[in-house]
Amino acid sequence: MSNLFTLLAAASALALGVTATATKAQAADVKSVVLVHGGFVDGSGWQGVYDVLKKDGYDVTIVQNPTTSLADDVAVTKRAIAAAPGQVVLVGHSYGGVVVSEAGTDPKVAAVVYITAFAPDAGESVSSLIANPAPGAPVPPILPPVDGFLFLDKAKFASSFAADVQPDLASFMAHSQVAWGVAALEGKITAPAWKVKPTWYLVATEDKMIPPEAQRAMAKRAGATMTEAKGSHAIYVSQPRAVATLIETAAKGAKTAAQ
């Protein structure tokens, strides 16, 4: 009988060990990244970040938001999350931060990363966050809406959005803008992901679209692990290595949090 108890105990210990190992393996397996672009641009700007992450062994999905409404953009992003293997680090740039705030409560999301992005609270939108700019803050050169859509002044695009991007590329970005729907700016968050997920934030200190002080305030409110880099609003284009490094740090941090 004692031998039977010994065998049962050994089997139980083995099962627990296997379960613990599986849990650790699952926690360590945050190797999927979903990248969400902001307004006026499409997902192609993530190519540099994509290249770094892929080289480092990550599975990367780039969301192509229609930027017509928050609901539409969240739906596209959730489909990307569902299709990604395993747990996901969800990353948003600029208006993409609003999208990941709403979509990031998905159970598959292990961490949320904001790249010089809006990080709204419940009931907030881009429109509400930019309604009362601080005195002296730069004003983005947004043209009056046409048929419910917005563009940046092409002549001022580089200086406001992409000051540290190579001039030829910045000019191309200005002339290949994606219309940004006013409805997307007005979309309100219901339950922000940063309240329930480990969160990281990269502040671009030379940003002329979202003032750095506003970025710091949102990051602090979100309880995010915050880092700063000297760069424009398009820092994800001009400094892909710095952005990818933060994303990989989030992936490792999400693993630690899961364990």
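- The side-chain heavy atoms of R216 and E228, taken from C-beta on, include a pair separated by under 4.5 Å.
- Closest of all the heavy-atom pairs between A162 and S232 is CA-OG, 3.8 Å.
- More than 12 heavy atoms of other residues, nucleotides or ligands sit less than 6.0 Å from atom CD of E206.
- Contact annotation: the side chain of F118 never approaches that of S101 to less than 4.5 Å [non-hydrogen atoms, C-beta and beyond].
- Judged by distance alone, the side chain of T61 and the main-chain N or O of V34 form no donor-acceptor pair under 3.5 Å.
- Remark: side-chain polar atoms of H233 are not paired, donor with acceptor, to backbone N or O of S160 under 3.5 angstrom.
- Y95 and D73 are linked by a side-chain donor-acceptor pair at a separation below 3.5 angstrom, with hydrogens and angles left out of the test.
- With hydrogens and angles ignored, the 3.5 Å screen pairs a side-chain donor or acceptor of N65 with a backbone N or O of H37.
- Cluster membership check: W200 does not share its hydrophobic cluster with V52, using side-chain heavy-atom separations under 4.5 Å among Ile, Leu, Val, Met, Phe, Trp and Tyr.
- For the atom pair OG1 of T199 and CE of M226, the computed distance is 13.0 Å after rounding to the nearest 0.5 Å.
- At distances below 3.5 Å, not a single donor-acceptor pair connects side-chain atoms of S171 with backbone N or O atoms of D168.
- Separation of atoms CD1 (I247) and OH (Y236) is listed at 12.0 Å; rounding is to 0.5 Å.
- Follow the hydrophobic side-chain contacts under 4.5 Å out from F151 and you never reach V126; the two are in separate clusters.
- Remark: of the listed residues T67, D72, V74, V74 is the sole one forming a side-chain contact (heavy atoms from CB on, under 4.5 Å) with V99.
- For the pair K197 and D106, the minimum side-chain heavy-atom distance is 4.5 Å or more.
- The shortest non-hydrogen separation linking P85 to D59 is CD-OD1, 3.6 Å.
- The shortest heavy-atom contact between P120 and P192 is O-CB, 3.6 Å.
- Across every non-hydrogen atom of V182 and P145, the tightest pair is CG2-CB, 4.0 Å.
- Y201 places a side-chain N or O within 3.5 Å of a backbone atom of A117 that can act as its donor or acceptor partner.
- Summarising the local packing, CD of Q47 is surrounded by 12 or fewer heavy atoms from other residues, nucleotides or ligands at distances under 6.0 Å.
- The backbone N or O of T190 lies less than 3.5 Å from a partner atom in the side chain of E102, making a donor-acceptor pair.
- Taking CD of Q177 as the reference point, atom CG of D42 lies at 11.5 Å (rounded to 0.5 Å).
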Inset, instruction - Could you check T116 against H93 for side-chain contact (heavy atoms from CB on, under 4.5 Å), going step by step and ending with a plain yes or no? - result: CA-CA 6 Å; T116 186; H93 168 255; 3.5 Å; yes
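- To the nearest 0.5 angstrom, I130 atom CD1 is 8.0 Å from S125 atom OG.
- No side-chain donor-acceptor contact under 3.5 Å links E124 to the backbone of L129.
- Using a 4.5 Å cut-off on side-chain heavy atoms (C-beta onward), T77 and L90 make contact.
- To the nearest 0.5 Å, atoms CD (E248) and NZ (K31) are separated by 7.0 Å.
- Using a cut-off of 4.0 Å between Lys/Arg side-chain N and Asp/Glu carboxylate O, K208 and D164 are scored as not salt-bridged.
- Contact of the I115 side chain with the L246 side chain is registered, since non-hydrogen atoms from C-beta on lie closer than 4.5 Å.
- Note that the OG atom of S44 and the CD atom of Q64 stand 7.0 Å from one another [nearest 0.5 Å].
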Inset, instruction - For side-chain contact (heavy atoms from CB on, under 4.5 Å), just list the numbers for F161 and V41, CA-CA rounded to whole Å, side-chain angles, deciding distance to a tenth of an Å, and then say yes or no. - result: CA-CA 10 Å; F161 195 104; V41 294; 3.8 Å; yes
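- Within a 6.0 Å sphere centred on NZ of K230, other residues, nucleotides and ligands contribute 12 heavy atoms or fewer.
- Under the 4.5 Å side-chain contact rule for hydrophobic residues, L185 and F149 do not share a cluster.
- If you chain together hydrophobic residues whose side chains sit under 4.5 Å apart, V76 and V98 fall into the same group.
- Considering only heavy atoms from C-beta on, R221 comes within 4.5 Å of W194 through its side chain.
- Side-chain contact check for V33 versus V113: every heavy-atom pair is 4.5 Å or farther apart.
- The shortest side-chain heavy-atom distance between M209 and F40 falls under the 4.5 Å cut-off.
- For A110 against P198, the heavy-atom pair with the smallest separation is O-CD, 3.3 Å.
- Closest heavy-atom contact between D207 and P212: O-CD, 3.7 Å.
- A chain of hydrophobic side-chain contacts below 4.5 Å, direct or via other Ile, Leu, Val, Met, Phe, Trp or Tyr residues, connects Y50 to V63.
- For K108, the NZ atom counts as densely surrounded, since its 6.0 Å shell holds more than 12 non-hydrogen atoms of other residues, nucleotides or ligands.
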